[in-house]
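I'd like to ask some things about the structure below.
Note on naming: letters A, B, ... go to the chains in the order of the sequence lines (proteins, then strands), and numbering restarts at 1 for each one. Note that these values count all heavy atoms, side chains included, but never hydrogens, waters or copies made by symmetry.
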Amino acid sequence: MILPRDFYDRPTLDVARDLIGKLLVHRLPEGTAAGIIVEAEAYIGEEDPACHAAVGPTERNAPLYGPPGRAYVYLNYGLHDMMNAVTECAGHPSAVLIRALEPVEGLALMRRRRARAPWRKGRGPVADHDLCRGPGNLTRAMGITLADNLRTLWRGQLTIHGGGVSAGDLAWSPRIGIRVGTEHHWRVAVAGHRSVSGGNSSRRKREND
DNA sequence: CGTTCGATGCACT
DNA sequence: GTGCATCGAACGT
């Protein structure tokens, strides 16, 4: 069953924790892709220096100020679309970044989309557990783009479902790839899961700062 | 094992 | 003009 709108209208850290083990589903004419969320990060309010809302309301971060339960998708490094779930009541700009999935459905479609990336030209197929490993890889594999910005997650073609999935032990750690706000351990992941990002050494160093 | 860096586009100052 | 909530290859030790 699809998670209701109210699921997202709660403290962001609770939402981040509870999103682990849930199923992200994207239905398109070319096929359906789905995966279990195994890694996420919380970005909480204007006081969080790493949150896009830290600079106050702008055109780009407007979705954060809107109602919870919608997607906030933005382009990062000119290359990667990042997908967040907007949380908390409207006016408190917060969201959860979806960082990694364990692929469940549409793996062939995911692999085709990943292979389409220019930098993968001439390289071998992506392993199953790497298809949705990392926020940029995840959106590419799932076919999530800027066109999905502001989409409702509780109905429509991009949805998050609950039900029956055991998440395993959760591990909290500093968020990845940011220069500020690293004192907060607002990244949550299934401990030891193969599809969790941050596997390379430079990431690990930043994590331990 | 470790660190560095290019690709690539746009919001923000 | 600057700086990214990244990815993955290249290179040093």
Side-chain angles (χ1 to χ4, degrees), chain A residues 12-13 15-16 19-20 24 37-66 70-88 93-101 103 110-111 113-150 172-189 194-209:
Chain A
T12 301
L13 290 174
V15 177
L19 278 176
I20 303 297
L24 178 65
I37 299 170
V38 296
E39 181 188 359
E41 286 176 356
Y43 290 85
I44 311 177
E46 295 180 340
E47 301 75 27
D48 173 6
C51 182
H52 282 183
V55 296
T58 66
E59 191 173 340
R60 180 178 68 156
N61 68 25
L64 294 175
Y65 289 85
R70 288 172 174 263
Y72 168 45
V73 184
Y74 71 94
L75 180 66
N76 195 27
Y77 291 103
L79 295 164
H80 305 290
D81 297 322
M82 300 279 164
M83 182 199 161
N84 298 255
V86 175
T87 61
E88 311 210 11
S94 307
V96 173
L97 170 70
I98 312 297
R99 286 194 59 93
L101 310 176
M110 291 180 182
R111 214 179 318 277
R113 289 180 178 138
R114 286 293 307 277
R116 216 175 286 158
W119 54 86
R120 291 212 65 88
K121 216 165 182 185
R123 312 181 68 252
V126 181
D128 286 1
H129 67 272
D130 285 333
L131 283 170
C132 301
R133 183 174 194 242
N137 289 334
L138 175 162
T139 54
R140 183 167 285 273
M142 292 287 289
I144 295 167
T145 69
L146 295 177
D148 296 301
N149 192 29
L150 285 172
W172 292 87
S173 59
R175 294 168 292 181
I176 286 182
I178 53 174
R179 307 294 304 184
V180 290
T182 52
E183 69 274 19
H184 297 122
H185 289 212
W186 287 349
R187 170 177 176 243
V188 62
R194 286 180 313 172
S195 293
V196 170
S197 66
N200 74 47
S201 50
S202 54
R203 289 260 172 75
R204 198 153 284 167
K205 179 170 197 285
R206 263 181 279 164
E207 239 178 280
N208 293 333
D209 279 346

*Is Trp119(A) near enough to dG8(C) that one of its side-chain N or O atoms lies under 4.0 angstrom from OP1 or OP2?*
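Yes, within the criterion.
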*For Arg140(A), which contact category applies under a 4.0 Å heavy-atom criterion: base, sugar-phosphate, or nothing?*
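Answer is nothing: Arg140(A) stays at 4.0 Å or more from every strand.
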*asked:* Within the supplied structure, the quantity of interest is the number of heavy atoms (other residues, nucleotides, ligands) at a distance under 6.0 Å from Glu59(A) CD; does it exceed 12?
replied: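 Open.
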Indicate every side-chain donor-acceptor pair of residues 79-87 of chain A with a distance under 3.5 Å to a residue at least two apart or in another chain.
from: Asn84(A); atom 1: ND2; to: Tyr72(A); atom 2: O; distance (Å): 3.2
from: Thr87(A); atom 1: OG1; to: Thr12(A); atom 2: OG1; distance (Å): 2.6
from: Thr87(A); atom 1: OG1; to: Ser94(A); atom 2: O; distance (Å): 3.4

*What nucleotide, of dA5(C), dT6(C), dC7(C), holds the atom closest to the side chain of Asn137(A)?*
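Out of dA5(C), dT6(C), dC7(C), the nucleotide with an atom closest to Asn137(A)'s side chain is dC7(C).
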_Paired and unpaired positions of DNA chain B as dot-bracket, Watson-Crick or G-U wobble under 3.5 Å, | denoting a partner strand_ = |||||||.||||.
*Are more than 12 heavy atoms from other residues, nucleotides or ligands located less than 6.0 Å from atom CZ of Arg194(A)?*
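No.
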*When all nucleic acid strands are considered with a 4.0 Å heavy-atom cut-off, which category describes Asn84(A): base, sugar-phosphate, or nothing?*
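Contact class for Asn84(A): base.
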*Which atoms form the tightest heavy-atom contact between Ala42(A) and Asp48(A), and what is the distance?*
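Minimum heavy-atom contact is O-OD2, 4.3 Å.
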*Calculate, to the nearest 0.5 Å, the distance between atoms CZ and CD1 belonging to Arg187(A) and Ile178(A) respectively.*
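With rounding to 0.5 Å, CZ (Arg187(A)) is 11.0 Å from CD1 (Ile178(A)).
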*asked:* When you measure from the side-chain N and O atoms of His80(A) to the phosphate of dA5(C), is any distance below 4.0 Å, counting only OP1 and OP2?
replied: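 No.
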*With respect to the phosphate group of dT2(C), does any side-chain polar atom (N or O) of Arg179(A) fall under 4.0 Å of OP1 or OP2?*
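Negative; the distance criterion is not met.
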*Whole-Å P distance, dT8(B) and dA10(C)*: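 These two P atoms come out 15 Å apart once rounded.
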*Identified side-chain contact (heavy atoms from CB on, under 4.5 Å) counterpart of Val96(A) within the set Ile37(A), Val15(A), Ile44(A)*: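 By the side-chain contact (heavy atoms from CB on, under 4.5 Å) criterion, Val96(A) pairs with just one of Ile37(A), Val15(A), Ile44(A): Val15(A).
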*For the side chain of Tyr43(A), counting heavy atoms from C-beta on, which of dT6(C), dG8(C), dA5(C) is nearest?*
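Selected nucleotide (nearest to the side chain): dA5(C).
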*When every nucleotide of nucleotides 8-13 of chain B is labelled 5' to 3' by its protein contacts under 4.0 Å (heavy atoms), B for base, S for sugar-phosphate only, - for none, what sequence of letters results?*
BB-SSS
*asked:* Testing the basics here: between Glu46(A) and Gly56(A), what is the closest heavy-atom pair and its distance to 0.1 Å?
replied: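 Nearest heavy atoms, Glu46(A) then Gly56(A): OE2-CA, 3.9 Å.
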*Output the distance between atom CG (Asn137(A)) and atom CZ (Arg113(A)), rounded to the nearest 0.5 Å.*
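Those atoms lie 13.5 Å apart.
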*Given side chain to side chain contact (heavy atoms under 4.5 Å, CB included), test Asp148(A) with Met142(A) step by step and report yes or no.*
CA-CA 11 Å; Asp148(A) 296 301; Met142(A) 292 287 289; over 6 Å; no
*Separation between the P atoms of dT13(C) and dC5(B), rounded to whole Å*: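 Their P atoms lie roughly 13 Å apart.
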